[in-house]
There are 2 protein chains.
Amino acid sequence: MKRPAPTLHDVAIAASVSTATVSRCLNFPDQVAKQTRDKVMSAVESLGYSPNFGAKAMAARRTNTIGAIIPTMENAMFARGLEAFQEELRLHGFTMLVASTSYRPEIEEEQIKSLVARGADGLLLIGHERDPEIYRFLEAQGVPALITWVFDPRSERPSVGFDNRAAMMEMAMKVIEFGHTKLAFISAVTAQNDRASARLNGIQNAMSSAGLNANDLRCIETNYGIEEGAVAFDRLMTNGPRPTAILCGNDVLAVGALRRARELKIAVPQDVSIVGFDDIELAQVAYPPLTTVHVPHREMGRRAGQVLVDHVKNGTPIKSVLLPTRPILRETLAPVKAGS
Amino acid sequence: MKRPAPTLHDVAIAASVSTATVSRCLNFPDQVAKQTRDKVMSAVESLGYSPNFGAKAMAARRTNTIGAIIPTMENAMFARGLEAFQEELRLHGFTMLVASTSYRPEIEEEQIKSLVARGADGLLLIGHERDPEIYRFLEAQGVPALITWVFDPRSERPSVGFDNRAAMMEMAMKVIEFGHTKLAFISAVTAQNDRASARLNGIQNAMSSAGLNANDLRCIETNYGIEEGAVAFDRLMTNGPRPTAILCGNDVLAVGALRRARELKIAVPQDVSIVGFDDIELAQVAYPPLTTVHVPHREMGRRAGQVLVDHVKNGTPIKSVLLPTRPILRETLAPVKAGS
DNA sequence: TTGATAAATGTAATGGCTTACATAAGAAGT
DNA sequence: ACTTCTTATGTAAGCCATTACATTTATCAA
């Protein structure tokens with residue numbers, strides 16, 4: 001199907017110069033005489049020539065490409081951060097390659113290998129938790145990787161992100177301050193996901209430090225999705241002791257819970273408080289507007305871009321960046337009802 | 001920063017075989033004796049070898065890569081479609097490369113060149129409208145491009161998508177059936193965006209065919225975003241003759257309008273009807289749930305993947321696919337109030 | 001004019017992989 | 001044991017750029 005694309009050589013012939021001259025025209029235009037340059041450029045134009053990236057990468061030993069591997073593009077929070085990341089890269093002449101893994105570690109591994117093979121000069125990864133083998137591989141390949149969306153003070157690997165545990169703990173404290181003692185948590189799947197488990201820990205920490213028994217936390221793990229949040233809410237409210245406040249691992253789950261509450265005619269926040277995490281746009285337009293933890297996704301993407309580019313270009317060591325989060329009180333969190 | 005990665009040659013030495021054998025081990029494992037294979041594989045393993053994509057692509061003259069260029073990842077509708085597209089590609093052993101353009105034609109051109117240079121075997125593009133020069137370039141490079149998210153019966157270029165005009169016309173007819181005659185439209189920017197202008201046409205067609213004067217349509221063009229929708233709504237309701245129904249170019253704008261309506265204490269749908277387009281998740285969780293045009297984004301992504309892979313692999317000519325859309329009546333559209 | 005210096009262009013090695021073709025080693029048939 | 005096929009492996013020629021170095025041409029001072 002694909003017919004052979006024009007090569008440097010074809011252009012050289014068309015312009016009756018050497019390939020070196022053509023290459024220089026394209027990469028260092030001021031090193032070649034105007035007259036020659038025009039000749040070459042018009043040949044490039046008329047042939048529709050575009051340099052072969054593989055050959056270029058091989059000869060020049062750099063690609064100006066950075067790979068980003070995220071769990072899913074369907075999550076607005078990643079989409080935002082990445083958009084900012086890409087903008088930052090563009091500013092410095094880098095191109096971003098994205099791949100998504102659907103939260104499957106084996107696909108992540110495949111994608112990492114694929115991007116490395118493509119000559120990515122650096123990688124953006126989400127979260128710390130992955131097979132150590134992968135870190136060894138990146139090491140062997142000499143490809144730097146920047147961890148984001150998390151900031152784990154205990155990890156030796158630098159990252160640009162926020163402290164999931166502390167952020168959720170702060171929110172849980174708020175909830176507890178509102179008088180809630182019967183808490184539940186609709187969590188994302190925690191296996192292979194340090195963000196999700198850190199958030200769970202945050203709640204448990206808050207409970208302990210407030211003198212509650214962390215074991216009393218009812219917790220449901222579920223996949224990502226509005227419907228999933230709805231189902232979890234249903235289970236929480238139908239079976240077992242009813243919580244008065246439900247924390248959710250992310251806004252999407254929270255919005256699902258909110259929807260089911262409406263369907264079940266359970267008033268939010270009068271009958272039950274619901275809070276989310278991430279503060280994506282959804283949170284503001286939900287009804288009632290969702291109380292949630294604000295995360296500066298764009299800022300995170302930008303900073304990650306700066307740090308990574310600086311490292312790849314100038315060898316500046318990667319330094320961790322901790323970004324602040326804060327609870328946003330909107331309307332789905334209210335003081336517990338007397339008698340609950 | 002980057003220290004040299006192990007090469008085929010290194011592996012060959014470590015396993016004391018020729019590079020050809022290593023290559024075969026990796027690409028056609030059954031052509032080499034089990035004993036040799038094991039030897040090679042363990043060398044690959046211990047060196048952390050990963051083939052250099054550029055070299056591979058150059059030698060093999062194919063990349064099994066398909067590029068997708070979309071306006072923005074922040075729009076759930078593209079994210080969804082792409083996710084499905086990627087899944088389909090994976091099934092056939094292809095990898096997807098995404099790039100986004102922020103709706104800027106010059107960035108799109110840059111991205112197209114970049115992906116072609118990277119050896120993409122095919123491209124997925126959104127909408128027909130772009131500089132003819134680009135189509136010529138793709139032609140010269142022999143890279144097939146599939147147009148999606150639109151289906152324009154009048155275009156000679158095949159596409160997999162839906163008829164934006166007809167879809168919006170159908171919705172507008174519904175609105176008119178509900179007795180509305182004072183219509184307004186909050187549109188996405190129509191310049192360089194055939195989807196947006198087709199949707200506008202759809203409304204005008206509906207008005208004309210219902211005996212209304214299409215010139216009476218109040219129309220505001222705005223950028224993409226919730227806040228932008230809110231602002232547009234505000235302008236529409238504050239200045240000039242108040243419409244009784246507002247159609248929006250997409251759900252995000254509609255949700256913005258909805259939010260502002262709540263803030264202004266304008267009841268929806270009692271005081272004004274609002275309808276969206278795309279049927280992303282936002283639409284269902286908005287309050288009240290948004291009446292909108294359903295577009296099968298995932299299906300579209302899947303079909304696009306099939307068509308493109310089939311073309312790239314087997315040379316099957318690209319045939320247009322028209323996907324159905326339908327108005328989803330939820331709660332933001334109601335009959336016009338008597339006396340309005 | 002000439003010789004020296006700078007500017008423009010050309011020559012050819014290089015990078016990592018695939019693959020057609022050549023060769024070597026085993027299996028099978030007589 | 002000896003030829004004849006297979007099967008497994010090796011050899012080496014590309015693929016398409018970049019770039020160090022060599023060469024040619026232009027420029028200018030003396």
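Every chain is numbered from 1 and lettered A, B, ... according to where its sequence line falls, protein lines coming before strand lines.
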Trainee: Whole angstrom is fine here: how far is it from CG in A:Asp38 over to P in C:dA8?
Mentor: 14 Å
Trainee: Could you tell me whether the side chain of A:Arg90 reaches within less than 4.5 Å of the side chain of B:Glu110, counting heavy atoms only?
Mentor: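 The answer is yes; the side chains approach within 4.5 Å.
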Trainee: Sugar-phosphate means primed atoms, P, OP1 and OP2; the rest is base. With that split, encode nucleotides 13-22 of chain C 5' to 3' as B, S or - using protein heavy atoms under 4.0 Å.
Mentor: --BBBBB---
Trainee: Can you give the donor-acceptor pairs under 3.5 Å from side chains of residues 17-25 of chain B to other protein atoms, not counting sequence neighbours?
Mentor:
| residue | atom | partner | partner atom | Å |
| --- | --- | --- | --- | --- |
| B:Ser18 | OG | B:Ala20 | N | 3.4 |
| B:Ser18 | OG | B:Thr21 | N | 3.3 |
| B:Ser18 | OG | B:Thr21 | OG1 | 3.2 |
| B:Ser23 | OG | B:Asn27 | ND2 | 3.4 |

Trainee: Calculate the interatomic distance between A:Gln31 atom CD and D:dT18 atom C1'; express it in whole Å.
Mentor: 12 Å
Trainee: Flag the pair A:Arg302 and A:Glu299 as a salt bridge only when some basic side-chain nitrogen lies within less than 4.0 angstrom of an acidic carboxylate oxygen.
Mentor: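 A:Glu299 and A:Arg302: salt-bridged.
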Trainee: From CD of B:Gln35 over to P of C:dA25, roughly how many Å is that when rounded to an integer?
Mentor: 15 Å
Trainee: Is any side-chain N of the basic residue among A:Glu129 and A:Arg195 closer than 4.0 Å to the acidic one's carboxylate O?
Mentor: no
Trainee: Around atom CD of A:Glu106, are there more than 12 heavy atoms of other residues, nucleotides or ligands at under 6.0 Å?
Mentor: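 Yes.
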Trainee: Does B:Trp149 have its ring centroid less than 6.0 Å away from the ring centroid of B:Phe162?
Mentor: no
Trainee: Expressed as a whole number of angstroms, how long is the span from B:Ile13:CD1 to D:dT11:P?
Mentor: 12 Å
